[in-house]
Amino acid sequence: MSETNNYKEVDPGKVLDTLDRLEHRIADRFPDAGLLGVCHQVKDICAQSRDRITWMRKPIWPLRAAVVALLLLLVFAIALTMQTVHVSDEAFELTTFADAVQNIIQDIVYVAVAVFFLVRIERMVKRRRILTALHELRSVAHVIDMHQLTKDPDRILSNRVDTEASPTPTRQWTPFTLRRYLDYCSELLSLTGKIAAIHLKDFDDSTIVAAVNEIEDLTNGLSRKIWQKITSLQSL
């Protein structure tokens with residue numbers, strides 16, 4: 001990416017670097033936490049998204065070859081039709097000329113419809129692949145939310161009374177460690193939304209835009225819940 005574009009679009013490489021640093025931060029403080037595995041999974045998705053963008057920029061050559069073949073066929077059909085028209089000084093066959101023009105127009109219409117269909121197929125193939133990736137990101141966002149679901153601020157209270165059905169704590173939480181864990185969850189959700197936004201690069205499609213906006217709304221909403229916990233933790 002050129003220097004002038006650094007602040008105009010989301011760079012997959014920079015997002016991947018940020019995820020790598022976040023993964024190391026989680027590993028330093030919570031090496032046995034499931035959140036570390038989720039972060040690694042998000043990194044893999046980000047790397048795949050970067051490769052997917054490169055693939056999206058390239059044409060699907062079999063479909064492009066079919067378009068070229070149809071255009072060549074159109075030229076051949078027009079040339080063949082024109083051979084049936086005989087124009088001379090002695091006689092002008094108007095009926096034959098009209099039939100030839102009608103055949104040429106029909107050929108152009110048929111080929112134009114076929115070319116349009118092939119172009120649409122290429123776009124549909126790319127759209128389907130992007131939507132599959134976005135669905136995976138949506139699922140990952142819910143997985144991140146599950147990891148912070150039972151990390152409530154009252155876990156640091158000494159007078160906390162659990163029941164038999166209460167979640168079993170996997171570690172002794174302090175206000176600092178609990179806040180760091182919740183903060184890591186919030187960062188991971190934010191980066192998930194950024195990975196979704198990467199797919200808008202070089203592919204302006206209303207369906208993709210709607211799906212990306214849905215994921216960003218989801219991650220922002222889940223992140224707000226986490227920050228409500230962090231605010232409550234500060235008051236405690």
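For the single chain, residues carry numbers from 1 onward in sequence order. Values in this document were obtained by computation on a predicted structure and should not be read as measured data.
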Before you tell me yes or no, could you show the steps for Glu216 and Lys194 under salt bridge (Lys or Arg N to Asp or Glu O under 4.0 Å), namely the whole-Å CA-CA distance, both residues' side-chain angles and the distance that decides it to 0.1 Å?
CA-CA 8 Å; Glu216 289 183 331; Lys194 299 300 178 289; 5.8 Å; no
List the steps and the verdict of side-chain contact (heavy atoms from CB on, under 4.5 Å) for Leu36 and Phe30.
CA-CA 8 Å; Leu36 181 61; Phe30 310 103; over 6 Å; no
List the steps, then state whether salt bridge (Lys or Arg N to Asp or Glu O under 4.0 Å) holds for Arg180 with Asp183.
CA-CA 5 Å; Arg180 298 272 19 104; Asp183 189 47; 2.8 Å; yes
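Closest non-hydrogen pair, Leu218 versus Ala141, comes out as CD2-CB, 4.0 Å. A pairwise comparison of heavy atoms in Ala196 and Ile215 identifies CB-CG2, 3.9 Å as the closest pair. Between Cys185 and Leu35, the shortest heavy-atom contact is SG-CD2, 3.7 Å.
Within the 4.5 Å cutoff, no side-chain heavy atoms of Leu222 are placed close to those of Thr219. Looking at heavy atoms from C-beta onward, Leu22 lies out of side-chain contact with Thr18 at the 4.5 angstrom threshold. Looking at heavy atoms from C-beta onward, Leu19 lies in side-chain contact with Ile195 at the 4.5 angstrom threshold. For the pair Gln148/Lys229, a side-chain contact is recorded, criterion being any heavy-atom separation below 4.5 Å from C-beta on. Side-chain contact between Leu16 and Pro12 is absent, with no heavy atoms from C-beta onward closer than 4.5 Å. By the 4.5 Å heavy-atom criterion applied to side chains, Leu137 and Leu134 are counted as neighbours. Two residues are said to be in side-chain contact when any heavy atoms from C-beta on lie closer than 4.5 Å; Leu182 and Trp227 fail this criterion. Taking the side chain as every heavy atom from C-beta outward, Ile230 and Ile226 approach each other to under 4.5 Å.
Judged by distance alone, the side chain of Lys151 and the main-chain N or O of His147 form a donor-acceptor pair under 3.5 Å.
Distance CZ/Arg127 to CD1/Ile208: 7.0 Å, rounded to 0.5 Å.
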